Amino acid sequence: MEYNFREIEQKWRESWKANKVYKVDNPLVSAPLKPKFYVLDMFPYPSGAGLHVGHPLGYIASDIYSRYKRLKGFNVLHPMGFDSFGLPAEQYAIETGQHPATTTEKNIATFKAQLNKIGFCYDWEREVRTSDASYYKWTQWLFLQLFNSYFCNTQKKARPITELIKKYEREGSKDFTATSWHGYTKKEQQEILMKRRLAFSAYGEVNWCEALGTVLANDEVVNGLSERGGHPVIKKKMRQWYLKITAYADRLLEGLERVEFSESMKEMQRNWIGKSEGAEMEFRLTPNPYSAEATPLTPGRGVEAIKVYTTRPDTIFGVDFIVLAPEHELVAKITTPTQKKQVDEYLAYVKSRSDRERMAEVKQITGCFTGAYAENPFDGKQIPVWIAEYVLAGYGTGAIMAVPCGDQRDFAFAKHFKIPITNIIGEHYNGEEANPTKDATLQNSGFLDGFLMKDAISVAINRIEELGIGKRKVNFRMRDAGFSRQRYWGEPFPIIWEDGVAVPLNENELPLELPFVEKYGPGPEGEGPLANIEEWVEKRRETSTMPGYAGSSWYFLRYMDPQNNDNFCDRTASDYWNQVDVYIGGTEHAVGHLLYSRMWTKVMYDLNLIGFDEPFKRLVNQGMIQGSSRFVYRVFCMAEDELNNKLESTFIVSETYVGWNNSNVFDKNDRLGLEVGKKIDQLYPGKKYKVNTIAVTKLHVDVNIVDGVELDIAAFKKWKPEFINTEFILEDGKYICGVETEKMSKSKYNTVNPDDLVDKFGADTFRMYEMFLGPVEQSKPWDTKGIEGVYRFLRKLWRLFFDEVKGKVWTDEKPTDAELKVLHKTIKKIESDTEQFSFNTAVSAFMISVNELSDLKCNKKEILEQVLILLVPYAPHIAEELWHQLGNQGTILDAAYPVLEEKYLVETSKEYPVSINGKLRTTINMDVNTLQPEAEKLVLENEVVQKWLEGKAPRKIIFVKGKMINVVI
RNA sequence: ACCCGGGUGGUGGAACUGGUAGACACGCAGGACUUAAAAUCCUGUUCGCAGUAAUGCGAGUGACGGUUCAAUUCCGUUCCCGGGUACCA
């Protein structure tokens with residue numbers, strides 16, 4: 001009986017489905033039968049291209065882990081769904097006129113079919129789709145919870161906005177009294193409240209992308225271009241929704257301490273949040289001491305000091321100038337008449353520069369003196385005030401104190417504008433470049449003289465606070481998250497605008513369904529497509545929709561209770577399933593999705609909707625599978641005969657002649673030139689000619705018609721009609737393609753479809769091979785070569801059970817010690833590898849075990865059965881089949897996981913080669929536990945070994961390359 | 001520039017808290033079975049030198065140096081590759 005994977009896999013796919021083997025129940029919290037375990041994949045966006053071999057990498061890993069945990073006795077939740085709102089479907093709709101709902105539906109069907117072929121253990125009854133009204137009803141509901149909450153700065157958590165209203169009514173705030181609160185109009189009150197809401201609306205500069213007709217989040221803009229499509233992005237003022245994620249900055253940082261994310265992942269989040277501690281302090285403006293010119297600082301204008309933010313208050317005596325951002329509001333007020341012209345010119349210049357230019361030309365030093373001076377509060381030194389692009393309006397106070405000897409940017413600026421530099425760190429500053437050290441001892445620094453810089457920081461802040469000119473201050477780089485998109489294919493906001501006031505819908509009006517539209521283009525003035533619908537506008541509904549991360553910020557909760565129509569997720573369900581124990585996905589979501597879902601979780605926790613405040617306990621990042629592209633090199637050559645007639649030829653030449661990194665034009669005397677000559681000779685026999693041009697172009701060729709690097713020429717000719725008459729120049733009868741690693745994509749013809757591999761080798765082979773490629777976390781180019789090895793392994797496993805001639809070969813005999821040893825070695829290795837997500841080494845371990853069992857001609861049912869149980873997570877179909885062949889019922893997933901018995905692993909004695917001083921060479925048998933030699937006589941010179949022979953047992957004996965190096969007694 | 005990863009045979013990759021580097025697999029070479037092919041099985045495969053051979057000797061984990069009886073592993077310097085951030089004061 002042969003290993004017929006097609007038959008077996010289909011049989012079990014159907015059986016598992018029919019018997020609902022993967023159905024997961026929510027037991028009562030009061031009486032959970034089994035401990036729970038939650039394994040989650042980042043759900044995919046169902047793109048039109050379908051799955052390629054890169055997608056399932058993480059899914060296979062999570063599937064293995066889920067099955068393993070189930071075998072270990074856990075009630076495992078391992079669901080799958082679709083992040084089905086998003087821009088690509090809408091773009092596609094604009095291009096083709098097909099409704100996003102239709103294409104999305106179709107794409108999901110393709111995805112599911114592909115996923116099912118690989119044999120994942122999802123409970124499809126728990127599937128969620130963010131674009132289903134039954135799902136986004138709750139996204140909208142959660143938005144309303146955010147809208148109706150504020151961040152209480154004393155309790156450091158979200159509270160209902162009603163509590164804030166009560167407080168305002170009772171005692172007002174630091175900006176107004178209770179009486180004046182009652183005096184405000186409803187609209188004024190709402191405007192005040194709006195600023196405190198966790199989901200709030202405000203006018204703000206947004207990243208407006210003309211080409212896409214939409215607003216993008218900061219993390220969707222890369223170098224001033226849209227992440228998708230690379231279109232230019234400009235700043236535009238618009239009314240926008242935001243989430244007050246900045247309020248959670250501290251808790252988001254603190255929470256990182258309690259989760260198992262990779263260090264680099266945590267680091268990325270920390271950088272994004274960008275917490276910096278320092279001080280805000282004021283520099284009083286003074287009349288220009290070097291000019292008789294009247295100061296613009298006339299009393300009563302309220303312009304007396306510039307507030308700067310610094311993380312290095314210890315360098316206060318090294319301040320040589322102050323720099324304001326060009327957009328700073330004080331610029332107009334402090335500029336002196338003599339400098340006005342220059343400043344205006346500079347401001348015009350800054351305005352003319354796009355974000356992109358500004359970012360691209362960071363090195364360029366620009367700036368302008370305002371004519372104003374400020375006074376160092378500690379030594380009264382007069383400090384010129386400049387404006388410069390390198391200071392950003394949006395961070396800190398938009399103004400800095402510049403310390404050229406300690407900050408490279410300030411240093412470059414000072415040098416460029418010839419501003420004298422004060423040295424406060426003595427020999428640590430060499431005049432050539434700034435030294436940002438904190439370990440120098442301060443000099444020329446008044447009351448800070450003699451302090452180590454890092455100690456001086458708090459001393460300086462204390463003094464600043466004492467003098468009342470500033471205070472300790474923490475700043476964050478992170479901004480509030482833009483939450484509206486001028487798009488169609490997203491969740492509509494459950495908001496109506498009444499006279500400029502945002503009024504939420506009632507809960508019973510949810511879901512607010514996304515209306516059908518004919519046109520997907522933007523509405524008037526950059527509004528979303530919904531603004532094109534008369535009825536929608538008449539009802540004064542919000543016309544923008546929510547961004548992609550809205551639905552994905554909480555989907556892990558919906559899986560726990562997916563069909564609930566009365567609640568987003570019943571509390572009993574979320575209490576039971578609790579945190580996601582293992583979350584698997586790519587690093588690309590480090591600062592987007594992961595940060596948002598962590599914030600939402602914290603809000604829900606604060607509002608007592610769920611009982612935990614970090615969604616993901618452990619995060620495993622799967623690497624990206626890149627494509628390995630193949631190229632052919634098309635040569636075009638043109639020659640001329642003696643009568644100046646053109647002779648042309650086009651053909652394809654093997655890479656041996658043309659390195660892909662070579663230039664495109666070749667000398668006619670090189671090897672390629674000779675080949676070209678031969679071609680011309682063939683085409684124009686007997687002519688004398690002169691080669692003019694040889695040009696080579698590189699073409700992507702479908703990796704599926706290339707075996708390794710050798711092109712299947714017949715398949716190539718059939719591939720596209722224009723290639724049918726292609727001529728080749730071959731090397732040893734073969735065409736060798738060029739190779740490059742690129743992102744996997746259809747247009748590069750380097751995608752490999754998992755379906756093809758499953759058809760050819762079976763899902764089990766495919767799963768194991770994906771794992772065998774290398775560590776899950778690692779990115780690597782896909783290479784199908786090698787899958788044969790895994791396939792051979794499974795067939796070899798099969799042959800332990802079935803002989804081609806004899807059929808069943810297993811027996812009920814008692815296993816031998818050698819066989820038990822193999823089994824338990826395998827149990828130990830597989831268990832620890834699986835636990836650590838080291839699936840590649842686990843696959844190797846299976847191969848070793850099967851080889852060993854095969855060498856031992858092991859046919860003991862007892863052994864084989866246990867091996868199968870170890871194997872189910874990796875190769876579920878074949879394991880299930882063979883387990884049933886052994887006469888078992890039900891599903892192997894309910895079998896008892898093999899128990900490791902160390903006693904079978906203990907080696908009693910081992911043979912060690914010994915040579916001392918290069919002379920004596922022998923082998924001795926030693927008891928592994930005591931390391932006592934069994935050999936009776938050994939003539940040894942080594943003193944330590946002598947002692948050992950005298951009866952002192954050594955603790956450790958070290959052999960290197962057969963030589964006894966050291967014996968520790 | 002800064003912060004994280006990572007450099008190991010022809011290739012993908014192993015190597016536990018320092019202990020015989022190269023597991024496992026691919027590829028390659030040779031052999032067995034076969035009319036032949038496929039499939040399967042066996043042997044070899046880090047490099048260099050010596051030997052008919054078993055084998056022996058030497059070098060070897062990007063480079064240089066250090067600690068150690070012993071370093072892919074720890075420390076320092078440096079080079080290269082990948083990822084993240086980018087005027088954040």
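This is a predicted model, so every value here is computed, not measured. Naming convention: chains lettered A, B, ... in sequence-line order (proteins, then strands); numbering from 1 in each chain.
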Whole angstrom is fine here: how far is it from [atom1] in [X] over to [atom2] in [N]?
X	N	atom1	atom2	result
A:Leu794	B:rC24	CG	P	18 Å
A:Glu267	B:rC2	CD	P	15 Å
A:Met768	B:rC26	CE	P	14 Å
A:Lys780	B:rC26	NZ	P	18 Å
A:Met281	B:rA89	CE	P	17 Å
A:Lys796	B:rC24	NZ	P	11 Å
A:Met265	B:rG5	CE	P	14 Å
A:Gln269	B:rC3	CD	P	20 Å

Looking at [X], I'd like to know whether one of its side-chain N or O atoms comes within less than 4.0 Å of OP1 or OP2 on [N].
X	N	value
A:Tyr395	B:rA89	yes
A:Asn840	B:rG12	no
A:Ser262	B:rG5	no

Residue matched to [N] through Watson-Crick or wobble contacts both under 3.5 angstrom:
N	value
B:rA39	none
B:rA14	none
B:rA50	B:rU55
B:rU34	none
B:rA1	B:rU85
B:rU73	none
B:rA23	none

Quiz item: Any salt bridge between A:Glu263 and A:Arg270, counting N to O under 4.0 Å?
Solution: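 Judged by the 4.0 Å cut-off on N to carboxylate O distance, A:Glu263 and A:Arg270 do form a salt bridge.
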
From [options], nucleotide with atom closest to [X] side chain:
X	options	answer
A:Glu389	B:rG13, B:rG27, B:rC87	B:rC87
A:Met268	B:rC42, B:rC41, B:rG84	B:rG84
A:Thr841	B:rC42, B:rC24, B:rA15	B:rA15
A:Arg477	B:rA86, B:rA89, B:rA25	B:rA86
A:Arg795	B:rG13, B:rU40, B:rA89	B:rU40
A:Phe772	B:rC24, B:rC42, B:rC3	B:rC24

Self-check item: Partners meeting ring pair (Phe, Tyr, Trp, His ring centres under 6.0 Å) with A:Phe846 (sequence neighbours left out)
Solution: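 Testing A:Phe846 for ring pair (Phe, Tyr, Trp, His ring centres under 6.0 Å), a comparison that skips the adjacent residues, returns A:Tyr874.
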
Exercise. Please identify each residue that fulfils side chain to side chain donor-acceptor pair (under 3.5 Å) with A:Lys825, with sequence neighbours left out.
Key: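 Here the qualifying residues are A:Glu852.
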
Quiz item: How is A:Asn851 classified with respect to the nucleic acid when contacts are heavy atoms under 4.0 Å: base, sugar-phosphate, or nothing?
Solution: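 Sugar-phosphate only.
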
Quiz item: Checking all strands, does A:Pro781 fall into the base, sugar-phosphate, or nothing category for heavy-atom contacts under 4.0 angstrom?
Solution: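 Nothing, no heavy atom under 4.0 Å.
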
Exercise. Would you confirm whether the ring centroid of A:Trp782 sits within less than 6.0 angstrom of the ring centroid of A:Tyr769?
Key: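 Yes, ring centres under 6.0 Å apart.
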
Say you pick atom [atom1] in [N] and the same atom in [M]; how far apart are they, in whole Å?
N	M	atom1	result
B:rA53	B:rU43	C1'	16 Å
B:rG65	B:rU11	C1'	32 Å
B:rA86	B:rC4	C1'	15 Å
B:rC24	B:rU77	C1'	36 Å
B:rG76	B:rU67	P	15 Å
B:rG7	B:rG66	P	23 Å
B:rA59	B:rC75	C1'	25 Å
B:rU20	B:rU61	P	16 Å

Quiz item: When you check the side-chain N and O atoms of A:Tyr390 and A:Asp410, is any donor under 3.5 Å from an acceptor?
Solution: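 Result is yes, a qualifying pair exists.
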
Exercise. Could you say whether A:Gln778 or A:Arg792 is positioned toward the 5' end of RNA chain B, judged by the nucleotide with the nearest heavy atom to each?
Key: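 So the residue in question is A:Gln778.
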
Exercise. On RNA chain B, check which nucleotide each of A:Leu773 and A:Ser264 is closest to and give me the residue with the more 5' one.
Key: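 Of the two residues, A:Ser264 wins.
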
Exercise. Would you check if the side chain of A:Asn621 reaches a backbone N or O of A:Gly585 as a donor-acceptor pair within less than 3.5 Å?
Key: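 Flag set: sc A:Asn621 to bb A:Gly585 pair under 3.5 Å.
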
Quiz item: With under 30° as parallel and over 60° as perpendicular, where do the rings of A:Phe413 and A:Trp386 fit, or are they tilted in between?
Solution: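 Perpendicular: the ring planes of A:Phe413 and A:Trp386 meet at over 60°.
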
Quiz item: Can you tell if the side chain of A:Tyr3 reaches within under 4.5 Å of the side chain of A:Tyr791, non-hydrogen atoms only?
Solution: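 A side-chain contact exists here, since the closest heavy-atom pair is under 4.5 Å.
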
Quiz item: Using the glycosidic torsion, which applies to B:rG48: syn (within 90° of 0) or anti (everything else)?
Solution: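 With its glycosidic angle more than 90° from zero, B:rG48 counts as anti.
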
